[in-house]
Amino acid sequence: MALILQKQMHNIITILLFTLIIQAQSHEFSKQLSPNSLGLKKQKLTHLHFYYHDIRSTTPDIVQVAEAAMTNTSKTGFGSVSVLDGPLTVGPERTSKIVGRAQGMVASADLNDFGFLFVINYIFTDDKYNGSTLSVLGRNQVLLPVRELPIVGGTGIFRFARGYMLTNTQFFNVSTGDGAFEYNVYVFHY
Ligand SMILES: *[C@@H]1O[C@H](CO)[C@@H](O)[C@H](O)[C@H]1NC(C)=O
Ligand SMILES: *[C@@H]1O[C@H](CO)[C@@H](O)[C@H](O)[C@H]1NC(C)=O
Ligand SMILES: *[C@@H]1O[C@H](CO)[C@@H](O)[C@H](O)[C@H]1NC(C)=O
């Protein structure tokens, strides 16, 4: 009896050792890192201020790409989807200095109110922000005086970004669909 137990223990130990060797040889899937190893030191809070321009008339930077059969009869244009690539400027005039672009998708996603789904990347081109992006995923209730959209992430200078954007309408031409919108952005990043 004792001999059988001893043999079994021996087998178990052999299997365990073998498993350990295999694990040591396999590729590593995850490991803990210190924030310093990625150069992440102190978290910063940055405020950005810019204007975004929608142009549907002359040379469009926003185009409708999809709609549903019910979109035309819906009071909110429910189901329409537009894709945009519009300039971000330092001043409210379309001709003022460009500091980036907004690229993404806007969908009418509310049957009763003007509530739009925004899935947009803000790509900055100015100075130290050149090439860095912020990603926004949220609801824009366009008829409110001030709307709040969450920042869900970012790249470059904005790695690990989180924060929010406040936006209001500077002007909107109902007949052309052209508009300009002010943005105040508050973002945590490293
Ligand atoms: C909606 O109305 C527009 C403009 O009148 C028309 O071009 C389009 O075909 C209509 N869409 C549907 C799905 O009925
Ligand atoms: C931004 O980066 C791009 C690509 O690296 C470069 O071509 C461009 O000149 C830069 N713009 C500014 C304003 O630094
Ligand atoms: C809207 O655009 C049309 C066409 O360009 C123009 O005639 C009209 O004056 C504009 N309305 C406002 C309020 O700017």
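In each ligand, atom 1 is the first atom listed, and ligand 1 is the first ligand listed.
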Among all protein heavy atoms, pick the one closest to atom 2 (O) of ligand 1 and tell me residue, atom and distance.
Asn72 ND2, 2.3 Å
Evaluate Leu45 against Val187 for side chain to side chain contact (heavy atoms under 4.5 Å, CB included), listing each step before the verdict.
CA-CA 6 Å; Leu45 177 63; Val187 60; 5.9 Å; no
Which residue and atom name correspond to the protein heavy atom nearest atom 1 (C) of ligand 2, and how close is it?
Asn130 ND2, 1.4 Å
Test ring pair (Phe, Tyr, Trp, His ring centres under 6.0 Å), reference Phe158, set Phe188, Tyr129, Tyr190, output is Tyr129
Which of the numbered atoms in ligand 2 are under 4.0 angstrom from any heavy atom belonging to Thr125?
11 (N), 12 (C), 13 (C)
What protein heavy atom lies closest to atom 9 (O) of ligand 1? Include the residue and the distance to one decimal.
Glu67 OE2, 4.2 Å
Within the protein, is there a heavy atom lying under 4.0 Å from atom 11 (N) of ligand 2?
yes
Hydrogens and angles aside, do Ser135 and Asn121 bring a side-chain donor and acceptor to less than 3.5 Å of each other?
yes
Thr133 and Thr155: side chain donor to acceptor below 3.5 Å:
yes
With atoms numbered from 1 as shown, which atoms in ligand 1 lie under 4.0 angstrom from a non-hydrogen atom of Ala68?
13 (C)
For the residue pair His49 and His47, does the interplanar ring angle fall in the parallel (under 30°), tilted (30 to 60°) or perpendicular (over 60°) class?
tilted
Which of the atoms of ligand 3 are close to Ser175, meaning less than 4.0 Å from one of its heavy atoms?
1 (C), 2 (O), 3 (C)
What do you think, any protein heavy atom under 4.0 angstrom from atom 4 (C) of ligand 2?
no
Scanning both residues in full, the closest heavy-atom pair of Asp61 with His53 reads OD2-O, 3.2 Å
Among all the protein's heavy atoms, is there at least one whose distance to atom 14 (O) of ligand 2 comes out below 4.0 Å?
yes
Does some non-hydrogen atom of the protein lie less than 4.0 angstrom from atom 7 (O) of ligand 1?
no
What atoms of ligand 3 come within less than 4.0 Å of a heavy atom belonging to Asn173?
1 (C), 2 (O), 3 (C), 8 (C), 10 (C), 11 (N), 12 (C), 14 (O)
Is there a donor-acceptor contact under 3.5 Å linking the side chains of Ser57 and Asp178?
yes
In terms of relative ring orientation, are Tyr183 and Tyr52 parallel, tilted or perpendicular, with 30° and 60° separating the classes?
perpendicular
